[in-house]
Protein chains: 2
Amino acid sequence: MPASLKDVARKAGLSPATVSRHMNGTLELPPETRARIERAVRQLGYRPNPHARRLSLGRSDTITLIVPDIANPFFATLAASVERTASERGMIVQLHATSNVEAREIALLELATDNRADGVVFCTNRRPSPDVATAMAALPRVVVVDEAVPGARAPQIYADNAQGGYLAGHHLAGWGHRRVAYMGGGQALMSTRQRAEGLERGLRDGSGGETVAVRVMSGQHDVASGRALATDLLDGRDNATAIFVGSDEIAIGVIETLRARNVRIPRDMSLVSFDGARALHLYDPPITAVRQPAQRLGARAVELLLDGDWKDQALPDLVEYLPVDLIERASVAAPNTTRNDQPEPDRQRSVTP
Amino acid sequence: MPASLKDVARKAGLSPATVSRHMNGTLELPPETRARIERAVRQLGYRPNPHARRLSLGRSDTITLIVPDIANPFFATLAASVERTASERGMIVQLHATSNVEAREIALLELATDNRADGVVFCTNRRPSPDVATAMAALPRVVVVDEAVPGARAPQIYADNAQGGYLAGHHLAGWGHRRVAYMGGGQALMSTRQRAEGLERGLRDGSGGETVAVRVMSGQHDVASGRALATDLLDGRDNATAIFVGSDEIAIGVIETLRARNVRIPRDMSLVSFDGARALHLYDPPITAVRQPAQRLGARAVELLLDGDWKDQALPDLVEYLPVDLIERASVAAPNTTRNDQPEPDRQRSVTP
DNA sequence: CTGCTTTAGTAAAGCGGTTTAGTAAATGCG
DNA sequence: CGCATTTACTAAACCGCTTTACTAAAGCAG
């Protein structure tokens, strides 16, 4: 139904090849001929069929973005940034959610391969098996963002987790905290290791030689996990005076649980979050957090896909850590020394749902 | 480089037509032949080229989702839901952001047309000119979600704005409020009208005959606008005792401004939000809000695209309002009657940034 | 006027599927 | 056994664009 190149060519009294080449700028034409083509295009309302183009060219002018969950504000922000950057460069983005399921991660990578995606931005929250790296290997251009994929030969862009942990640790130490719990994704995750390591280092650096303790607790990056971990922490006879959480989702679960247990932040427990993209400044109390550069992660990934030197054999070895910063709000205070003495009695079950 | 249908056919000793028809289930084949094809497919790692398929078929098994802003939690949630529903049905989704710019709305609708999208879910925050409806007319299947597009002949799915307004109004009236400000998108927006109308009706219904007043203030659905509108409200000699906002983004701006001006919620000013998808229960104070069914909006839209009876001439006239509900939290209280007497003196500029 | 270069295009072969309209061989039936 | 039917497949056109290799005509130099 819509006009094809052939129609335009006929109307302009030319061959399809000529019109095609003119439209792609691979052929100089005298002004008069050019005008004839342009008139025909206008009159017929011609719009090239992108599928034909993609088939012929073997590429798609598409960037595929694979994330665990689109509704998660961190990934939503990242996605928005990828979309903006890509569309400024004339690329379409195709967005897919894995729900953190490996089979879907692989299926979506294969889909991107089938679709001849010009670039793929891959994010996961898990530590994927080597099969994921294998699926990745079929793609000409992938960049791994936010969490490592073992075995993948692809440039990687991360938030500076170690620095984030360090900032949190140092800040907490400054308030007198010596024992803090880190709640994040799985133990094996690069982000968990880096943040826990940074946390401990920051804590130590800020504690002037005193003994410090970091307890690494792991779960998933979701609210339910935050609740469970917080419950574990409170139920165990642990004497952590502060919690550093690996994502806002966990933070939410933790806050809910502390509140339900009448453990006040920051009086009874200090909290530092690893900020996705939420309005933590409006929370009660405003939550001190390490802010991740979600937008820059996305923008940088696209930039690398489009402008990186992919002929360079060394490109896949590139690892970038984008800087994070600590936003001090009101969820950190000096440890409450009274609490440990009477652990059960002063914890009343709250009525608030 | 990758194997094509022809390669498979050759390896199986058959014609491409046979293999194609077998793979699409349009040809019954004896088990032995079938096995030969399947073996060839496996050995060659054959995966059909989707671009060729789309070119040939003239469709793309794709659903295009067009939203103002992906990072906005409401649209992010909607997008997640569209993506999930669509991919369960074997459809790919293509996500695009308009930034609320009409030229982009149109360009993206045209892009969807070019791409032979099987369905389009269109969301806007503005009141688009008829050109948008025109661009839409070229598409075989569109559904309009969340805000009306004048002149569009397409089924529409909305949150029940009037009911949301009513619930908010009735709730506020119950606490004794008689004058409330509504802060939303433009005056011309369907959502604005419906919510304001519902608000007034609810207020009236809950006020036992007393006079009620609704002041409709409009801006954009973003934080900056919330700040500006709240400033306007406070600076004007208005005696509204409660604010009903049209989106969480506006709510955030409003809360920030009230806080900066030392106007306490709910003591000095009550607030009800129209909830996107944020953790309002953790805010200070927890924000009472009308909850929009973002997920159901998305799921229903996809359902309609894929299962609707599009031969039915009446389908484009379909308008559905999905139910909303009011979540009562702590941002509404009885109006503070003292405040009007001494408007300026008790408003101190806070130090908090 | 001849031969060479430039100009202005074009023919045709892909890209990799789908589909319509068949055909050749095998089978069933009377 | 001859004819109709069924089974098992296929030839070839088509979807709409790109690109390589080429040609015909015009322009130009000598």
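We name chains A, B, ... by the order of the sequence lines, and we start the count at 1 in each one.
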Touch class at under 4.0 angstrom, heavy-atom based, for Leu27(B) against every strand present: base
Nearest-angstrom distance from the residue atom CZ of Arg53(B) to P of dG16(C): 16 Å
Sugar-phosphate, base or nothing in reach of Ser4(A), heavy atoms under 4.0 Å: sugar-phosphate
Test log, rule salt bridge (charged side-chain N to carboxylate O under 4.0 Å, His left out), inputs Arg126(B) and Glu105(B): CA-CA 10 Å; Arg126(B) 313 174 318 108; Glu105(B) 293 180 345; 2.9 Å; yes
side-chain hydrogen bond (donor to acceptor under 3.5 Å, both in side chains) assessment of Asn115(A) paired with Arg54(B): CA-CA 11 Å; Asn115(A) 276 309; Arg54(B) 298 199 254 256; 2.4 Å; yes
Value in whole Å for how far the C1' atom of dC15(C) lies from CZ of Arg47(B): 19 Å
Touch class at under 4.0 angstrom, heavy-atom based, for Pro30(B) against every strand present: sugar-phosphate
Rounded distance (Å) that lies between atom P of dT18(C) and atom CZ of Arg59(B): 10 Å
Presence of Ser20(B) side-chain N/O under 4.0 Å of dT18(C) phosphate oxygens OP1/OP2: yes
Among Val132(A), Val145(A), Val143(A), side chain to side chain contact (heavy atoms under 4.5 Å, CB included) partner for Phe122(A): Val132(A)
Contact nearer the 5' end of DNA chain D, comparing Arg21(B) with Leu57(B): Arg21(B)
Length of the CD1-P vector between Ile37(B) and dG17(C), whole Å: 14 Å
Interatomic distance, Arg54(A) CZ vs dG16(C) P [rounded to whole Å]: 16 Å
dC9(D) phosphate, OP1 or OP2, under 4.0 Å from Ser15(B) side-chain N/O: no
First of Tyr46(A) and Thr33(B) reached from the 5' end of DNA chain D, by closest nucleotide: Thr33(B)
Gap between atoms CG and C1', on Leu55(B) and dA13(D) respectively (whole Å): 13 Å
Arg53(A) vs Leu55(A), side-chain contact (heavy atoms from CB on, under 4.5 Å): CA-CA, chis, key distance, verdict: CA-CA 5 Å; Arg53(A) 184 161 216 279; Leu55(A) 172 59; over 6 Å; no
Spacing of His51(A) atom NE2 relative to dC15(D) atom C1', expressed in whole Å: 11 Å
Side chain Ser56(A) and base dG14(C) donor-acceptor under 3.5 Å: yes
For atom CG of Asn49(B) and atom P of dG16(D), their distance in whole Å: 17 Å
Evaluation steps, side-chain contact (heavy atoms from CB on, under 4.5 Å), between Glu38(B) and Gln43(B): CA-CA 9 Å; Glu38(B) 262 132 42; Gln43(B) 286 178 359; over 6 Å; no
